*Asks:* 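Provided herewith is a single structure, encoded as structure tokens, for subsequent inquiry.
Computed over heavy atoms, backbone and side chain alike; hydrogens, waters and symmetry mates excluded. Counting starts at 1 for both ligands and their atoms, in listed order. Predicted model only: the values in this text are computed from it and were never measured. Here, residue 1 is the first one in the sequence, and each next residue gets the next number.
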Amino acid sequence: MPAIVVLGAQWGDEGKGKATDLLATNETIDFVVRTSGGHNAGHTIVVNGEKFATHLLPSGILTPGATCVIANGVVVSPEALFRELDSLVARGVDLAPLVVSANAHVLASYHATIDKVTERFLGNAKLGTTGRGIGPTYADKINRIGIRVADLFDEELLRQKVEASLEVKNQLLAKVYNRRALSIDAVVEELLSYVERLRPMVADTSLLLNRALDDGKTVLFEGAQATMLDVDHGTYPFVTSSNPVAGGVCTGAGIGPTRIDRVIGVIKAYTTRVGSGPFPTELFDADGEKLWKVGGEVGVSTGRNRRCGWYDAVVARYSSRVNGLTDLFLTKLDVLSSWERVPVCVAYDVDGVRHDEMPMTQSEFARATPIYETLPGWWEDISGCREFADLPANAQAYVRTLEQMSGTRIWGVGVGPGREQTLEVPPSVG
Ligand code: GDP
Ligand code: IMO
Ligand code: MG
């Protein structure tokens, strides 16, 4: 299985960190690669009861034996990168080797400044970004005024690029947002301060990964964010500024689509979302409160409460389709213990019309109300189960029904945050 993609099938925080860590521990994985997003991600890994969170670093950083790669599609804040590395070292983690693409775009402190002032300016219409500067860095990339990692190693070129990049931003900051303009010298100085530590990590990661695949090595692409946050396929404009879908792995890493063998969608047994935007199955009642509480649904990066709702099979089918999923990893099934009945959204009602697939427009999606099928629940604590057959019959039936509704095989189920709290699901018969 040389190239495996792990990605989020909903609105993020599905348990991609756990899935990546699990695969990196159980299989022989040579490379763990991030291809999109930046330190807006928050991936939790629980090893022997100890909790770790990765943001910009691939979760493989905790697995000695695999080389970690931050590929060209990621936006890299060197400050966040070093902070994260230092905090793991301070906890005594034996870090895996790390390689950073020379073509990755640099996220500087001014990107975070612009992210925050833009959100404030939008008021009630704000997107609820993580405030890390992700959108402004991708905007610079697309506007062709971005600064890439390789540019840091040529001071003269760097100064020219910073000047070009700040020209319009300073006008905006001063004249629209009523803020002080940024000093070019200070920005150049900030960026140069990262050079020495960054230099030994930088390489042509597309070449590295293609050669690794040629040599039969196994490469795991760890998704960040998720399908419904994809700038093309998500709930635009309430999305992130990158392409977390499977296709984004190719552009984000510089590998061709023919190299990918397996695409795993990580999906919660219910749904959560952080930030603004439509969410048809969102609950505002005691069930939503219970999911939030039992699921511990608080953001790893920003500490914001996640909005909670029931499983949405329309989203699951859509994710399967736009990503070409080969299988699903269903997480947090344990959270659903102790419900008499569990509703699952099978279609939407939009202005009296039933939609079995994602509506074509976002305005229709924003008006979609869920059509539920209700499945029998279970009361047993399942967090100690290690075989699919150990699950109560209704929990097994829930997984099998979701599998049918989602149109993709479920290969694994999470019954707790720990690495070992995972069950393999035998292929369904018939
Ligand atoms: P990611 O961003 O997709 O990596 O997910 P997050 O780490 O942001 O959020 C997932 C949360 O669920 C973390 O706190 C995980 O430790 C936790 N988690 C993952 N899988 C399971 C599971 O099967 N059961 C339970 N109870 N928690 C899980
Ligand atoms: P992981 O990898 C959940 C959301 C933000 C906001 C929108 C845009 O942990 O699943 P941005 O800062 O990216 O411009 O914010 O995207 N968002 C996430 N939500 N999990 C994430 O990452 C997210 N990364 C961004 O809350 O709604
Ligand atoms: Mg997360």
*Asks:* Would you kindly say whether Thr28 and Lys217 are connected by a side-chain donor-acceptor distance under 3.5 Å?
*Replies:* no
*Asks:* Going by the order shown, which atoms of ligand 2 are within less than 4.0 Å of some heavy atom of Gly12?
*Replies:* 3 (C), 10 (O), 20 (N)
*Asks:* Considering the heavy atoms of Lys16, write down every atom of ligand 2 situated less than 4.0 Å from one of them.
*Replies:* 1 (P), 2 (O), 10 (O)
*Asks:* For Val415, counting its heavy atoms only, list the atoms of ligand 1 lying under 4.0 Å from any of them.
*Replies:* 23 (O), 24 (N)
*Asks:* Looking at atom 25 (C) of ligand 2, what's its closest protein heavy atom, distance included?
*Replies:* Gln225 CG, 3.8 Å
*Asks:* Return yes if a side-chain donor-acceptor contact under 3.5 Å exists between Ser36 and Asn243, otherwise no.
*Replies:* no
*Asks:* Going by distance alone, is a donor N or O of one side chain under 3.5 Å from an acceptor N or O of the other, for Glu364 and Thr361?
*Replies:* yes
*Asks:* Just by distance, with hydrogens left out, do Asp140 and His105 show a side-chain donor and acceptor under 3.5 Å apart?
*Replies:* no
*Asks:* Hey, is His43 touching ligand 2 through its side chain, its backbone, both or neither, going by heavy atoms under 4.0 Å?
*Replies:* side chain
*Asks:* Taking Glu297 as the fixed residue, which of Arg307, Arg273, Arg306 is the one that meets the side chain to side chain donor-acceptor pair (under 3.5 Å) rule?
*Replies:* Arg306
*Asks:* Near Glu14, which atoms of ligand 1 are under 4.0 Å from a heavy atom of that residue?
*Replies:* 3 (O), 5 (O)
*Asks:* At under 4.0 Å between heavy atoms, is it the side chain or the backbone of Asn40 that contacts ligand 2, or both, or neither?
*Replies:* both
*Asks:* Is Gly414 close to ligand 1, meaning an N/O of one under 3.5 Å from an N/O of the other?
*Replies:* yes
*Asks:* Just need the protein heavy atom nearest to atom 16 (O) of ligand 1, so name the residue and atom and give the distance.
*Replies:* Pro417 CB, 3.4 Å
*Asks:* Aromatic rings Tyr398 and Tyr311: how do their planes relate, parallel, tilted or perpendicular, breaks at 30° and 60°?
*Replies:* perpendicular
*Asks:* Is a donor from one side chain sitting under 3.5 angstrom from an acceptor on the other, for Trp378 and Ser337?
*Replies:* yes
*Asks:* Students should be able to answer this: which protein heavy-atom is nearest to atom 20 (N) of ligand 1, and at what distance?
*Replies:* Lys18 CD, 3.5 Å
*Asks:* At less than 4.0 angstrom from any non-hydrogen atom of Ala224, what atoms of ligand 2 do you find?
*Replies:* 2 (O)
*Asks:* With no hydrogens and no angle check, do the side chains of Asp312 and Tyr348 hold a donor and an acceptor under 3.5 Å apart?
*Replies:* yes
*Asks:* Between Thr137 and Lys141, do the side chains contain a donor N or O and an acceptor N or O under 3.5 Å apart?
*Replies:* no
*Asks:* Considering only the protein, which heavy-atom contact is closest to atom 27 (N) of ligand 1, and what is its distance?
*Replies:* Lys332 CE, 3.3 Å
*Asks:* Do Thr25 and Arg419 have a side chain donor and acceptor closer than 3.5 Å?
*Replies:* yes
*Asks:* So, 4.0 Å and heavy atoms of Gly8: is ligand 2 close enough to count as a contact?
*Replies:* no
*Asks:* Distance-only, no hydrogens or angles: does the Glu373 side chain make a donor-acceptor pair with backbone N or O of Cys345 under 3.5 Å?
*Replies:* no
*Asks:* Tell me: protein heavy atom nearest atom 26 (N) of ligand 1, and distance?
*Replies:* Asp334 OD2, 2.7 Å
*Asks:* Under 4.0 Å from a heavy atom of Arg304: which atoms of ligand 2 are those, numbered in the order shown and with their elements?
*Replies:* 5 (C), 26 (O)
*Asks:* Give the residue, atom name and distance (to 0.1 Å) of the protein heavy atom nearest atom 15 (O) of ligand 2.
*Replies:* Thr129 CA, 3.3 Å
*Asks:* Considering only non-hydrogen protein atoms, determine which one is nearest to atom 12 (O) of ligand 2 and report residue, atom name and distance to 0.1 Å.
*Replies:* Thr130 OG1, 2.5 Å
*Asks:* Which residue supplies the protein heavy atom nearest to atom 27 (O) of ligand 2, what is that atom called, and how far is it?
*Replies:* Val274 O, 3.2 Å
*Asks:* Looking only at protein heavy atoms, which one is nearest to atom 21 (C) of ligand 1, and how far off is it?
*Replies:* Gly416 O, 3.4 Å
*Asks:* Mind checking whether Gly12 has an N or O less than 3.5 Å away from an N or O of ligand 1?
*Replies:* no
*Asks:* Please say whether Leu229 places an N or O atom under 3.5 Å from an N or O atom belonging to ligand 2.
*Replies:* no
*Asks:* Can you list the atoms of ligand 2 that are under 4.0 Å from a heavy atom of Gly275?
*Replies:* 27 (O)
*Asks:* Can you find a side-chain donor-acceptor pair between Arg386 and Thr422 that sits under 3.5 Å?
*Replies:* no
*Asks:* Just checking, any donor-acceptor pair under 3.5 angstrom between side chains of Lys169 and Ser165?
*Replies:* yes
*Asks:* Select the closest option to atom 1 (P) of ligand 1 among Arg306, Gln225, Lys16, judged by heavy-atom distance.
*Replies:* Lys16
*Asks:* On a heavy-atom basis, I'd like to know which of Gly8, Gly42, Gly17 is closest to atom 6 (P) of ligand 1.
*Replies:* Gly42
*Asks:* Check Trp11 against ligand 2 and report side chain, backbone, both or neither, counting heavy atoms closer than 4.0 Å.
*Replies:* backbone
*Asks:* Given Trp292, which of Val335, Val298, Asp287 fulfils the side-chain contact (heavy atoms from CB on, under 4.5 Å) condition?
*Replies:* Val298
*Asks:* Side chains of Glu190 and Ser109: do they bring a donor and an acceptor to under 3.5 Å?
*Replies:* yes
*Asks:* Regarding Thr130 and Arg132, do their side chains bring together a donor and an acceptor under 3.5 Å, going by distance alone?
*Replies:* no
*Asks:* Nearest N/O/S atom of Asp13 with respect to the Mg ion (ligand 3), by atom name, please.
*Replies:* OD1
*Asks:* Between Asn40 and Gln225, is there a side-chain donor-acceptor contact under 3.5 Å, judged purely by atom types and distance?
*Replies:* yes
*Asks:* Asp13 heavy atoms, cut-off 4.0 Å: which ligand 2 atoms fall inside?
*Replies:* 1 (P), 3 (C), 9 (O), 10 (O), 20 (N)
*Asks:* By number and element, which atoms of ligand 2 are closer than 4.0 Å to a non-hydrogen atom of Val239?
*Replies:* 7 (C), 8 (C)
*Asks:* Of the side chain and backbone of Arg273, name the one, both, or neither that has a heavy atom under 4.0 Å from an atom of ligand 2.
*Replies:* neither
*Asks:* What protein heavy atom sits nearest atom 15 (C) of ligand 1, and how far off is it?
*Replies:* Thr44 CB, 3.9 Å
*Asks:* Are His39 and Ser301 linked by a side-chain donor-acceptor pair shorter than 3.5 Å?
*Replies:* no
*Asks:* Please check whether Ala41 reaches ligand 2 - meaning an N/O of the residue sits under 3.5 Å from an N/O of the ligand, judged on distance alone.
*Replies:* no
*Asks:* Looking at Val75, Leu98, Val202, which one forms a side-chain contact (heavy atoms from CB on, under 4.5 Å) with Ile70?
*Replies:* Leu98
*Asks:* Short list, please: which atoms of ligand 2 are under 4.0 Å from a heavy atom of Leu127?
*Replies:* 27 (O)
*Asks:* For ligand 1, does Val266 get within less than 4.0 Å through its side chain, its backbone, both, or neither, judged by non-hydrogen atoms?
*Replies:* neither
*Asks:* Among all protein heavy atoms, pick the one closest to atom 13 (O) of ligand 2 and tell me residue, atom and distance.
*Replies:* Thr240 OG1, 2.6 Å
*Asks:* Return the option from Gly17, Gly38, Gly128, Gly234 holding the heavy atom at the smallest distance from atom 6 (C) of ligand 2.
*Replies:* Gly128
*Asks:* Would you mind checking which non-hydrogen protein atom is closest to atom 10 (C) of ligand 1, with the distance to 0.1 Å?
*Replies:* Asp13 O, 3.5 Å
*Asks:* Just by distance, do the side chain of His43 and the backbone of Ser59 share a donor-acceptor pair under 3.5 Å?
*Replies:* no
*Asks:* Can an N, O or S atom be found in Gly299 less than 2.8 Å away from the Mg ion (ligand 3)?
*Replies:* no
*Asks:* In terms of side-chain heavy atoms, does Ser101 have a donor or acceptor partner in Asn103 at a distance below 3.5 Å?
*Replies:* no
